[in-house]
Chemist: 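What follows is a single structure, and I will ask about it in a moment.
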Amino acid sequence: MIGYKKSLSEWQCLSDIKMGRGSPIPPMLQRKIDNPSCYQRSVQNPASLMVWGCMSACGMGSLHIWKGTINAERYIQVLEQHILPSRRRLFQGRPCIFQHDNARPHTASITTSWLRRIQVLKWPARSPDLSPIENIWRIIKRKMRQRRPKTVEQLEACIRQEWDNIPIPKLEQLVSSVPRRLQTVIKRIGDATQW
(Lines give C-alpha, C1' and ligand atoms only; values in the text may rest on other atoms or scores of the structure.)
Protein backbone atom coordinates (compact mmCIF):
# COMPACT_ATOMS: atom_id res chain seq x y z
CA MET A 1 0.00 0.00 0.00
CA ILE A 2 1.28 3.48 -0.78
CA GLY A 3 2.18 5.87 2.00
CA TYR A 4 -0.91 8.05 2.16
CA LYS A 5 1.00 11.05 3.52
CA LYS A 6 2.31 11.51 0.00
CA SER A 7 -1.12 12.12 -1.43
CA LEU A 8 -2.57 15.43 -2.47
CA SER A 9 -6.23 15.05 -1.72
CA GLU A 10 -8.55 16.97 -3.99
CA TRP A 11 -11.93 18.38 -3.33
CA GLN A 12 -14.33 19.45 -5.99
CA CYS A 13 -17.58 20.17 -4.28
CA LEU A 14 -20.44 18.22 -5.66
CA SER A 15 -22.65 20.14 -3.30
CA ASP A 16 -22.29 23.83 -2.76
CA ILE A 17 -21.90 26.07 0.27
CA LYS A 18 -25.11 27.97 0.91
CA MET A 19 -25.98 31.03 2.92
CA GLY A 20 -28.76 30.90 5.49
CA ARG A 21 -30.11 28.01 7.47
CA GLY A 22 -33.27 27.11 5.62
CA SER A 23 -34.30 24.47 8.15
CA PRO A 24 -37.82 24.39 9.64
CA ILE A 25 -38.69 25.41 13.17
CA PRO A 26 -38.35 22.36 15.46
CA PRO A 27 -41.72 20.96 16.68
CA MET A 28 -41.00 21.83 20.32
CA LEU A 29 -40.79 25.48 19.33
CA GLN A 30 -44.05 25.37 17.37
CA ARG A 31 -45.90 25.58 20.72
CA LYS A 32 -44.19 28.87 21.47
CA ILE A 33 -44.91 30.41 18.10
CA ASP A 34 -46.00 33.68 19.68
CA ASN A 35 -42.62 34.07 21.33
CA PRO A 36 -40.33 36.02 18.92
CA SER A 37 -37.23 34.43 20.44
CA CYS A 38 -38.43 31.13 18.96
CA TYR A 39 -38.48 32.37 15.38
CA GLN A 40 -35.92 31.11 12.95
CA ARG A 41 -35.13 32.77 9.67
CA SER A 42 -35.66 30.75 6.55
CA VAL A 43 -33.96 31.37 3.23
CA GLN A 44 -36.05 30.29 0.26
CA ASN A 45 -33.32 30.25 -2.38
CA PRO A 46 -30.01 30.61 -0.58
CA ALA A 47 -27.07 31.96 -2.54
CA SER A 48 -24.40 29.35 -3.10
CA LEU A 49 -20.89 28.99 -4.41
CA MET A 50 -18.98 26.06 -5.85
CA VAL A 51 -15.60 25.39 -4.31
CA TRP A 52 -12.54 23.40 -5.37
CA GLY A 53 -9.56 22.97 -3.11
CA CYS A 54 -6.75 20.58 -2.35
CA MET A 55 -4.98 19.57 0.84
CA SER A 56 -2.36 17.22 2.19
CA ALA A 57 -0.85 16.43 5.58
CA CYS A 58 1.69 19.16 4.71
CA GLY A 59 -0.90 21.93 4.48
CA MET A 60 -3.79 23.43 2.61
CA GLY A 61 -3.45 23.97 -1.12
CA SER A 62 -5.16 26.49 -3.34
CA LEU A 63 -8.84 27.26 -3.17
CA HIS A 64 -10.98 28.15 -6.18
CA ILE A 65 -14.48 29.57 -5.71
CA TRP A 66 -17.05 30.35 -8.40
CA LYS A 67 -20.75 30.62 -9.11
CA GLY A 68 -22.32 28.05 -11.38
CA THR A 69 -21.53 24.47 -12.26
CA ILE A 70 -18.47 22.64 -13.51
CA ASN A 71 -17.74 20.65 -16.65
CA ALA A 72 -14.57 18.93 -17.84
CA GLU A 73 -13.18 22.02 -19.59
CA ARG A 74 -13.66 24.18 -16.53
CA TYR A 75 -12.26 21.46 -14.27
CA ILE A 76 -9.09 21.34 -16.36
CA GLN A 77 -8.78 25.14 -16.07
CA VAL A 78 -9.06 24.85 -12.28
CA LEU A 79 -6.43 22.10 -12.24
CA GLU A 80 -4.07 24.13 -14.42
CA GLN A 81 -4.43 27.18 -12.19
CA HIS A 82 -4.26 25.42 -8.84
CA ILE A 83 -3.04 21.82 -8.69
CA LEU A 84 0.46 22.28 -10.08
CA PRO A 85 1.31 25.36 -7.94
CA SER A 86 -0.16 23.67 -4.85
CA ARG A 87 1.85 20.53 -5.51
CA ARG A 88 5.06 22.55 -5.87
CA ARG A 89 4.39 24.50 -2.66
CA LEU A 90 3.24 21.56 -0.51
CA PHE A 91 5.66 18.89 -1.71
CA GLN A 92 8.64 20.93 -2.99
CA GLY A 93 9.57 18.40 -5.66
CA ARG A 94 8.91 15.30 -3.55
CA PRO A 95 6.66 12.72 -5.22
CA CYS A 96 2.97 12.84 -4.44
CA ILE A 97 -0.23 11.23 -5.61
CA PHE A 98 -3.33 13.15 -6.63
CA GLN A 99 -6.69 11.85 -5.45
CA HIS A 100 -10.13 12.84 -6.70
CA ASP A 101 -13.47 11.12 -6.99
CA ASN A 102 -15.20 9.83 -10.11
CA ALA A 103 -17.44 12.81 -10.81
CA ARG A 104 -18.11 13.21 -14.54
CA PRO A 105 -15.79 16.20 -15.05
CA HIS A 106 -13.01 14.16 -13.40
CA THR A 107 -13.44 11.11 -15.62
CA ALA A 108 -14.04 12.82 -18.97
CA SER A 109 -11.53 11.76 -21.62
CA ILE A 110 -10.05 15.27 -21.92
CA THR A 111 -9.55 15.36 -18.14
CA THR A 112 -7.90 11.94 -17.98
CA SER A 113 -5.66 12.99 -20.85
CA TRP A 114 -4.63 16.17 -18.99
CA LEU A 115 -4.03 14.19 -15.79
CA ARG A 116 -1.40 11.99 -17.45
CA ARG A 117 1.20 14.56 -16.35
CA ILE A 118 0.67 13.71 -12.66
CA GLN A 119 0.27 10.48 -10.70
CA VAL A 120 -3.40 9.87 -9.87
CA LEU A 121 -4.71 7.41 -7.30
CA LYS A 122 -7.35 5.08 -8.73
CA TRP A 123 -10.45 5.75 -6.69
CA PRO A 124 -13.50 3.48 -6.42
CA ALA A 125 -16.87 4.87 -7.43
CA ARG A 126 -19.28 6.07 -4.74
CA SER A 127 -16.72 6.37 -1.95
CA PRO A 128 -16.25 10.10 -1.28
CA ASP A 129 -16.55 9.44 2.45
CA LEU A 130 -13.05 7.92 2.40
CA SER A 131 -11.37 11.14 1.34
CA PRO A 132 -10.08 13.29 4.22
CA ILE A 133 -11.03 16.45 2.36
CA GLU A 134 -14.68 15.56 2.93
CA ASN A 135 -14.03 16.20 6.63
CA ILE A 136 -12.61 19.63 5.76
CA TRP A 137 -15.76 20.28 3.74
CA ARG A 138 -17.94 19.45 6.77
CA ILE A 139 -15.85 21.71 9.02
CA ILE A 140 -16.23 24.64 6.63
CA LYS A 141 -19.97 24.07 6.19
CA ARG A 142 -20.41 24.00 9.97
CA LYS A 143 -18.45 27.25 10.29
CA MET A 144 -20.65 28.87 7.62
CA ARG A 145 -23.77 27.91 9.60
CA GLN A 146 -22.23 29.51 12.70
CA ARG A 147 -21.01 32.66 10.95
CA ARG A 148 -24.15 33.17 8.82
CA PRO A 149 -22.77 35.37 6.03
CA LYS A 150 -25.42 37.63 4.53
CA THR A 151 -24.06 38.20 1.01
CA VAL A 152 -22.27 36.07 -1.55
CA GLU A 153 -19.19 38.26 -1.04
CA GLN A 154 -19.29 37.61 2.71
CA LEU A 155 -19.79 33.90 2.05
CA GLU A 156 -16.71 33.75 -0.16
CA ALA A 157 -14.63 35.74 2.35
CA CYS A 158 -15.75 33.44 5.19
CA ILE A 159 -14.94 30.30 3.18
CA ARG A 160 -11.45 31.63 2.43
CA GLN A 161 -10.83 32.56 6.08
CA GLU A 162 -11.94 29.18 7.36
CA TRP A 163 -9.89 27.39 4.67
CA ASP A 164 -6.80 29.29 5.78
CA ASN A 165 -7.48 28.52 9.45
CA ILE A 166 -7.44 24.71 9.17
CA PRO A 167 -4.49 23.71 11.40
CA ILE A 168 -1.73 21.37 10.21
CA PRO A 169 -2.33 18.91 13.12
CA LYS A 170 -5.93 18.49 11.90
CA LEU A 171 -4.69 17.73 8.38
CA GLU A 172 -2.13 15.25 9.73
CA GLN A 173 -4.85 13.56 11.81
CA LEU A 174 -7.21 13.27 8.84
CA VAL A 175 -4.57 11.97 6.45
CA SER A 176 -3.20 9.47 8.96
CA SER A 177 -6.76 8.13 9.44
CA VAL A 178 -6.99 6.89 5.84
CA PRO A 179 -5.59 3.39 6.46
CA ARG A 180 -8.18 2.94 9.26
CA ARG A 181 -10.91 4.24 6.93
CA LEU A 182 -9.92 1.68 4.31
CA GLN A 183 -9.78 -1.15 6.85
CA THR A 184 -13.24 -0.20 8.14
CA VAL A 185 -14.73 -0.24 4.64
CA ILE A 186 -13.18 -3.64 3.95
CA LYS A 187 -14.43 -4.99 7.29
CA ARG A 188 -17.95 -3.69 6.56
CA ILE A 189 -17.83 -5.09 3.00
CA GLY A 190 -18.32 -1.65 1.50
CA ASP A 191 -21.22 -0.65 3.75
CA ALA A 192 -21.52 2.82 5.34
CA THR A 193 -18.90 3.80 7.91
CA GLN A 194 -18.45 6.48 10.55
CA TRP A 195 -16.08 8.42 8.30
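Below, each value reflects all heavy atoms present in this structure, side chains not excepted, and no hydrogens, waters or symmetry copies. Keep in mind the model is a prediction, meaning the values are calculated, not measured. Residues: numbered from 1 along the sequence shown.
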Chemist: Please name the pair of heavy atoms, one in Met60 and one in Arg89, separated by the smallest distance, quoted to 0.1 Å.
Modeler: O-NH2, 2.6 Å
Chemist: About how many Å separate CG of Leu174 and CD1 of Ile133, when rounded to the nearest 0.5 Å?
Modeler: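 Ile133 CD1 to Leu174 CG: 9.5 Å, rounded to 0.5 Å.
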Chemist: Does the side chain of Met55 come within less than 4.5 Å of Ile166's, by heavy atoms?
Modeler: no
Chemist: How long is the span from the CD atom in Gln154 to the CD atom in Gln161, to the nearest 0.5 Å?
Modeler: 10.0 Å
Chemist: Heavy atoms only: give me the nearest Ser56-Val175 pair and the separation to one decimal.
Modeler: C-CG2, 4.1 Å
Chemist: Does any part of the side chain of Gln99, heavy atoms only, come nearer than 4.5 Å to the side chain of Ser131, both counted from C-beta?
Modeler: yes
Chemist: Any idea which heavy atoms bring Leu49 and Val152 closest together, and the distance?
Modeler: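 In terms of heavy atoms, the two residues are closest at CD2-CG1, 3.6 Å.
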Chemist: Could you go step by step and tell me if Glu156 and Arg160 meet the salt bridge (charged side-chain N to carboxylate O under 4.0 Å, His left out) rule?
Modeler: CA-CA 6 Å; Glu156 181 172 349; Arg160 290 188 185 284; 3.1 Å; yes
Chemist: Checking the side chain of Ser113 only, and the main-chain atoms of Ile110 only, is there a donor and an acceptor separated by less than 3.5 Å?
Modeler: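 Checked: no pair found.
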Chemist: May I ask you to test the Pro105-Arg74 pair for a side-chain heavy-atom distance under 4.5 Å?
Modeler: no
Chemist: With a 4.5 Å cut-off on side-chain heavy atoms, are Trp114 and Glu80 touching?
Modeler: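 The answer is yes, as the side chains (C-beta and beyond) meet within the 4.5 Å cut-off.
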Chemist: Starting at CG of Asn165, measure out to NZ of Lys170 and round the result to the nearest 0.5 Å.
Modeler: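 Here the interatomic distance stands at 14.5 Å.
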Chemist: According to side chain to side chain contact (heavy atoms under 4.5 Å, CB included), who are the partners of Arg88, at least two apart in sequence or on a separate chain?
Modeler: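 Checked Arg88 against side chain to side chain contact (heavy atoms under 4.5 Å, CB included); matches are Leu84, Pro85.
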Chemist: If every non-hydrogen atom of Trp66 is compared with every non-hydrogen atom of Thr69, which pair is closest and at what distance?
Modeler: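 In terms of heavy atoms, the two residues are closest at NE1-O, 3.2 Å.
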Chemist: Can you give me the closest heavy-atom contact between Ser86 and His82, atom names plus distance?
Modeler: OG-O, 2.8 Å
Chemist: So, for Trp163 and Gly61, which heavy atoms are closest and what is the spacing to 0.1 Å?
Modeler: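 Smallest interatomic distance, heavy atoms only, reads NE1-O, 3.0 Å.
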Chemist: Look up atom NE2 in His100 and atom CG in Leu79, then write down how far apart they are to the nearest 0.5 Å.
Modeler: 8.0 Å
Chemist: Going from OG1 on Thr112 to NE2 on His106, what distance comes out if it is rounded to the nearest 0.5 angstrom?
Modeler: 12.5 Å
Chemist: So do the side chains of Cys158 and Lys143 get within less than 4.5 Å of each other, counting heavy atoms only?
Modeler: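 Counting from C-beta outward, Cys158 and Lys143 never come under 4.5 Å.
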Chemist: For the OG1 atom of Thr107 and the CG atom of Leu115, what is their distance to the nearest 0.5 Å?
Modeler: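 With rounding to 0.5 Å, OG1 (Thr107) is 10.5 Å from CG (Leu115).
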Chemist: Are any of the side-chain heavy atoms of Arg142 and Gln146 separated by less than 4.5 Å?
Modeler: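 Answer yes - side chains close enough.
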